[in-house]
Structures are given as C-alpha cells and as structure tokens.
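Notes for the one structure printed next.
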Amino acid sequence: MGRPSRGQLVGWWSTWALVQVLVASLPTWLRARGFGFSNYDLGIYSQALARLARDPPNPWLSGRQIHLFNDHFDPILFLAAPFARLFPSVQVGLVVEALCALLALLPLGWLAKEGRLSLRALWMLGGVLALHPGVTQALGFPFHPTAWAMAPMAWLLAALVLERWRIALVALVLLLSCKEEFPFVGLALSPFLFFRAPRRVAWTFVATSAAWGLFALVLRPRLLGEVMPYAALPFRGLEDGVMAFFAARLSRSALASMGDLVVSFVPVLLWLLSPSPRGGEGRGEGKHVQWLFAALLPMLGIRFLSVAWKDHYGAVVVAGAVLAVAAVLQTRKVPWLVLISTLVLVVINNESLLRRDLKSLRGVQGWAASTGCEDVPGRSEAVRAAVEKVRPVKGPLFVSGNLLAWLAERDDVFAFGGPQPTTITPRVVLLEHPPCGDTWARPLEERQALLAQIRARTDIHVLVDTDFVFAAELAQPE
C-alpha cells in the first residue's frame, strides 16, 4: 500500500486543524475575551502561569489559597511560564492548550508517513481526535495541564509503535509533567515495552515512571508540606457503603458521560472485532500493539472511581484511545461505512458544543449562575477598562470570579465566593453587575445582595461605576 504524499498529509492536518479551531478553540477565545469563564479553572491556572513567571519555583496562588505544586504536580507549566512575562497569562494558557490539541494530531500523520496507517484510517481517526466531545469539552473549559497531556500522550504511543525510543522517552517525561496520575500510565505500558523494546529501554521507562510517581505521591508532601488530598478522591463515598459507592459511579449521568466517551469508537471496534475485517490485514510490525490499550486502564479507572468524565478529563483518554486504535488498524483499509458512521457519531455527539458555539457567536457569554449574561455592546470594553483601573491599586483586591484571570499577576487578588482566609477583608472590590460576573460558588441572588450592600456603604471611594461594572476602595478598620 502506498504512503500518502506530503501534500495529502498537509491537506489532512490543515483540514482537521482548521475545523477544530473554528468549532472549539475560537468560540472559547471569544468567550474568554468576553469574561465568560469562572475562576475555576481559567483563573487558577492563569495565576499559576503569571506567578510562576515572577516567583518560582512554587508560588502562592491567592485565588486557590494554596502553593502551586501543593495542588497538582504539573511542572509542564515551567515551559509556558516564560511567555507569561511577555503576554497576559490567560492568553498564553489558551494558546498553549489549543496548540497541544493541534500537535496531538501530528503523530497520526507520522504513522501514515511511515506506512503504518492507511489514508482512509488517517482521515477517520483525525476527525475523532479533532472533534471528539472529550477534546472539545476540554478546549471549552480552559485551561488545565491535564488537557495539555493529549499531545505527549499521542506522541508517546506513536513513538512506541515506530520504536523511536528516545522520542518516546521525551514524550513520557512531558506526559508525567502534566499531572500526578500519569506515572500509572507509564507503568501500565510495561508489558508492551518488555515485549518490543530492548531491556535497557524497558527498564528505563519503568524506573522513570516509578520514580516520578514516588516523588509526586509520597515525597512531595514531605518536601513541600500538606498537599491537596486528590489521592483520596477515588474512594470518596465508601463511608456510605459499597452499594452507595458504586451507585454514584454508575448513576445515569455518569453512564451517559462514559457513553459519550466510547460511542465514537464503536463502529471501528466492531469492525476490528468481526471474524475477518475486510480491507486488508495489518503488517507484521504490529506485533503486541494491543498492549498499548493498557495505557488507558489507569486513566479510565481513576475517572470511573472519581466520577470525573467531563471538562478537561477526557482529552488525554481520547488521544490514547485514538493512537491505540491506529496501532491496531495499521494499514487496513477502513470500509467507507465505518468511516462515515464514525464521523457522523462524532458530529451528533457534539450537539451541545455547536449550540454553545452559536451562543458565543451571538455574544451570550455567561453560564451557571450567569446564564442571562450577554456581552452587549460596551460591556467588555467597560469591564476591561475597570480591570486596568484597579490593576495598580493596593490590595487586597476582591473581584468577580470571572475577572481574576485578568489580574493573575497579583498575589493579593481573591474571587468572591472562592477560597479566601477569613482574616482578610478587601481594600478594593471589583464586581460585574449581575447576572454577569459569575463566581460559580455564589448564586445570583447572593451576588445581587452583595453589590447592593457595598453600594450602600458610606465609607467607600468609588473608582468605577457604569452600567456594567462597579469598583471601589473600602475604608479599612483602624
């Protein structure tokens, strides 16, 4: 079977990259520009990048009330942090996340270029990786290194298939740098490595994964102090009994989320599992590639036990599944029915994304308690001007949760409704008029009462007061 030409590969990547940017990344950027996201996670990681660029190696995040690496262990942020000294960290994070999604497509083209994937399978799997709901949901819930992990995951599995061990090791280290869960992925790949790789390479991968996991999960709390107890999340609810524990993990919403993750792969998996898939047999180099599916097991187990299927959790699983399927397909010529039904399922599964895109294009940016927020003419400009007005003012600064990301370089900015010490009172407040300004943690009525309460005070110095936003300095107790 002939290999695709350079022009075919460029056309393939450009098509899916353009579709992904238009359908997922661009609406997210527009919504972020319209201050349409909460402190979780856009504010948290915008502050992580901004503070890491100014106060390494483990800065304090006032919007999260924790040191950065006492939360998750994601040193991949060091690679992006230098850009946060040149550009707003919120923009840096959004661009990096979009680039990671685009870079995750390239390993499929690499396999095809090396004659290990048919052109038809390339188009099918490219569409799945570009537009699977697990990916588009992650791009629509910015931003998090767990979503960034889809790029190193894809490169890792492709490099293993092609036996490019040095590239695979670099990809493994980058993957480990995205979150403390990924050492389990490296260990789960051990059977494949011991079947296919030189013993020295296999042991290097296992030792690297084990050492990273030991540091992230055991030594890190001893060196950095108390860390967030994420390791306990998969077991949350066991105190209510085993039946209640599994009932929560097999609830209707959880099963629906699992179904969304799996359904796009059903046509190709059914075809592969049929007695003799038509369209040609795979090549001999594909020996033991089924063991690559083991990389999915720890990720799926963690998500099942933690009931964490949405937002940024699905993208890396999708990347791993797509590359594992590609490794098994090899040069088999995928039937047109399988290709078309797969892409139709991907589109149908993105109905909610397409509806959200239409809202974003119409200027409706709010969500949750800010569902009625519309980015009417003048709103974004007024909010942006108010942010710049308070930027140099002495804090502590308490803001609507959707504005923290744009003041992320400060170490004294807090989100109303988010975590903050009870001993701190605001010196400056910056609030969008409800229903805009969603902080996620506080309902609409409470935010309306908060703004009215501050406005009624007689000991304030008003900095900004428009139809869209209010900012004031508050008198401090002596």
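- For the atom pair H132 NE2 and L345 CG, the distance stands at 10.0 Å (nearest 0.5 Å).
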Between T342 and V334, does a side chain to side chain contact (heavy atoms under 4.5 Å, CB included) hold up when you go through it step by step? CA-CA 11 Å; T342 296; V334 178; over 6 Å; no
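- Looking at heavy atoms from C-beta onward, P183 lies in side-chain contact with L176 at the 4.5 angstrom threshold.
- Atom CG of L403 and atom CZ of R384 lie 11.0 Å apart (nearest 0.5 Å).
- At least one donor-acceptor pair closer than 3.5 Å links the side chain of S190 to the backbone N or O of L187.
- Distance alone, capped at 3.5 Å, is enough to place a donor-acceptor pair between the S5 side chain and the Q8 backbone.
- The shortest heavy-atom contact between K113 and P4 is N-CG, 4.5 Å.
- The CG atom of L102 lies 10.5 Å from the OG atom of S14; values are rounded to the nearest 0.5 Å.
- Side-chain contact between F205 and L156: present, with at least one pair of heavy atoms (C-beta onward) separated by less than 4.5 Å.
- D55 has its side chain out of reach of D411: every pair of non-hydrogen atoms, C-beta onward, lies at least 4.5 Å apart.
- For residues 292-343, every residue pair satisfying the ring-ring contact (aromatic ring centres under 6.0 Å, His included) rule, not counting sequence neighbours, is listed here: H144-H312.
- Contact detail for L49 and A80: the closest heavy-atom pair is CD2-CB, 3.8 Å.
- Shortest non-hydrogen contact noted between V135 and L129 is CG2-O, 3.5 Å.
- In this structure, the side chain of R410 does not engage the main chain of L404 through any donor-acceptor pair within 3.5 Å.
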Please step through side chain to side chain contact (heavy atoms under 4.5 Å, CB included) for the pair F73 and K179, ending with a clear verdict. CA-CA 5 Å; F73 187 59; K179 199 179 178 184; over 6 Å; no
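- Under the 3.5 Å distance criterion, the side-chain polar atoms of S62 are matched with a main-chain donor or acceptor of V413.
- Minimum interatomic distance between G127 and L343 (heavy atoms only, all atoms of both residues): CA-CD2, 4.0 Å.
- The list of ring-ring contact (aromatic ring centres under 6.0 Å, His included) pairs with a residue in residues 88-116, not counting sequence neighbours, reads W110-W155.
- Between atom CD of residue Q47 and atom OG of residue S89 there is a gap of 8.5 Å, rounded to the nearest 0.5 Å.
- A donor-acceptor contact shorter than 3.5 Å links the side chain of S341 to the backbone of V338.
- Using bins of under 30°, 30° to 60° and over 60° for the plane-to-plane angle, the ring pair Y45/F143 lands in the tilted bin.
- Residues V318 and M150 have side chains not in contact (no heavy-atom distance under 4.5 Å, counting atoms from C-beta outward).
- Within a 6.0 Å sphere centred on CZ of F195, heavy atoms belonging to other residues, nucleotides or ligands number more than 12.
- Using a 4.5 Å heavy-atom threshold, the side chains of W212 and L175 count as separate.
- Scanning for salt bridge (charged side-chain N to carboxylate O under 4.0 Å, His left out) contacts around R6 gives an empty result, with sequence neighbours left out.
- With hydrogens and angles ignored, the 3.5 Å screen pairs a side-chain donor or acceptor of S118 with a backbone N or O of R332.
- Judged purely by atom type and a 3.5 angstrom limit, R31 uses its side chain to pair as donor or acceptor with the backbone of G36.
- Within the 3.5 Å criterion, the main-chain N or O of T136 finds no donor-acceptor partner in the side chain of N350.
- Heavy atoms from other residues, nucleotides or ligands lying under 6.0 Å from CZ of F184 number 12 at most.
- With sequence neighbours left out, R391 forms a salt bridge (charged side-chain N to carboxylate O under 4.0 Å, His left out) with E388, E409.
- In this pair, H72 and Y230 present their aromatic rings parallel. The plane angle is below 30°, not in the 30 to 60° band.
- Looking at heavy atoms from C-beta onward, L122 lies in side-chain contact with L9 at the 4.5 angstrom threshold.
- Contact annotation: the side chain of R249 approaches that of V307 to within less than 4.5 Å [non-hydrogen atoms, C-beta and beyond].
- Few gaps surround CZ on R164; more than 12 heavy atoms of other groups in view lie less than 6.0 Å from it.
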Given F37 and F141, is the side chain to side chain contact (heavy atoms under 4.5 Å, CB included) satisfied, shown in steps? CA-CA 8 Å; F37 288 103; F141 187 78; 5.7 Å; no
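- When all heavy atoms are compared, the tightest approach of A202 to A197 is N-CB, 4.3 Å.
- No side-chain heavy atom of Q290 sits less than 4.5 Å from a side-chain heavy atom of F192.
- Taking all atoms of both residues into account, the shortest heavy-atom contact from A295 to L189 is CB-CD2, 3.7 Å.
- For Q137, there are no side chain to side chain donor-acceptor pair (under 3.5 Å) partners two or more places apart in sequence or in a different chain.
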From CA spacing to verdict: side chain to side chain contact (heavy atoms under 4.5 Å, CB included), L323, V161: CA-CA 9 Å; L323 267 295; V161 170; over 6 Å; no
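- Between the CG atom in L108 and the CE atom in M124 there is a gap of 10.0 Å [rounded to 0.5 Å].
- Atom-to-atom distance recorded for L160:CG and I167:CD1 is 11.0 Å, nearest 0.5 angstrom.
- A side-chain donor-acceptor contact under 3.5 Å links S274 to the backbone of W271.
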Residues 217-226 side chain polar contacts: donor-acceptor under 3.5 Å, at least two apart:
{"from": "R220", "atom 1": "NE", "to": "A216", "atom 2": "O", "distance (Å)": "2.8"}
{"from": "R220", "atom 1": "NH1", "to": "F69", "atom 2": "O", "distance (Å)": "2.7"}
{"from": "R220", "atom 1": "NH1", "to": "D71", "atom 2": "O", "distance (Å)": "3.4"}
{"from": "R220", "atom 1": "NH2", "to": "A216", "atom 2": "O", "distance (Å)": "3.3"}

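- For E114 and R116, the salt-bridge test fails: no basic side-chain N is under 4.0 Å from an acidic carboxylate O.
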